[in-house]
*Asks:* 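Let me give you the structure first, and then I'll get to my questions.
Scope of the values below: all heavy atoms of this structure, side chains included, with no hydrogens, waters or symmetry mates. Each residue takes its place number in the sequence, starting with 1. All of these numbers come straight from a predicted model, not from anything done at the bench.
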Amino acid sequence: MLLEQHIEELRLELREAIDPIERREIENELELARAELAVITAEQEGAIDAEPPF
């Protein structure tokens with residue numbers, strides 16, 4: 001839930017950001033957070049194996 005809250009906060013920040021550099025930073029952070037959430041969800045659903053291949 002904490003990661004989902006972080007994503008929502010980033011979305012709100014992005015909506016309010018005016019500076020192009022700040023917008024890019026927020027967009028990058030938002031993309032990473034969404035990717036992390038996707039990995040966590042896939043692990044929980046058993047779609048991917050969280051163990052390293054070696």
Side-chain angles (χ1 to χ4, degrees):
M1 184 67 164
L2 188 60
L3 186 55
E4 291 169 340
Q5 289 173 337
H6 182 61
I7 290 170
E8 185 59 31
E9 289 172 4
L10 287 170
R11 290 179 65 229
L12 293 173
E13 277 185 50
L14 184 60
R15 192 169 47 189
E16 300 295 323
I18 298 170
D19 181 54
I21 294 172
E22 182 182 12
R23 285 188 62 81
R24 271 185 302 230
E25 290 173 357
I26 296 169
E27 287 169 344
N28 290 338
E29 190 174 347
L30 182 57
E31 183 178 347
L32 288 173
R34 286 177 173 159
E36 185 178 350
L37 181 60
V39 169
I40 291 169
T41 302
E43 287 175 349
Q44 290 175 346
E45 293 173 352
I48 62 171
D49 187 9
E51 294 296 319
F54 46 89

*Asks:* Does anything in residues 28-40 pair up under side-chain hydrogen bond (donor to acceptor under 3.5 Å, both in side chains), and if so which pairs, sequence neighbours excluded?
*Replies:*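 Checked against side-chain hydrogen bond (donor to acceptor under 3.5 Å, both in side chains) - neighbours excluded - the pairs reaching residues 28-40 are His6-Glu29.
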*Asks:* According to a hydrophobic-cluster definition based on side-chain heavy atoms being under 4.5 Å apart (Ile, Leu, Val, Met, Phe, Trp, Tyr only), do Leu37 and Leu32 belong together?
*Replies:* no
*Asks:* Mind checking what makes side chain to side chain contact (heavy atoms under 4.5 Å, CB included) contact with Ala38, not counting sequence neighbours?
*Replies:* none
*Asks:* Which value, rounded to the nearest 0.5 Å, describes the distance between Glu16 atom CD and Arg11 atom CZ?
*Replies:*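 Between Glu16 CD and Arg11 CZ, I get 12.5 Å after rounding to 0.5 Å.
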*Asks:* Any heavy-atom pair between the side chains of Thr41 and Glu45 that's under 4.5 Å?
*Replies:* yes
*Asks:* On a heavy-atom basis, which atom in Ile18 and which in Arg23 lie closest, and how many Å separate them?
*Replies:*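 Shortest heavy-atom contact: O-CD, 4.2 Å.
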*Asks:* Any chance you could measure Leu30, atom CG, to Glu9, atom CD, to the nearest 0.5 Å?
*Replies:* 11.5 Å
*Asks:* Would you say that Leu10 contacts Leu14 through its side chain, given a criterion of any heavy-atom pair below 4.5 Å between the two side chains?
*Replies:*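 No, their side chains stay 4.5 Å or more apart.
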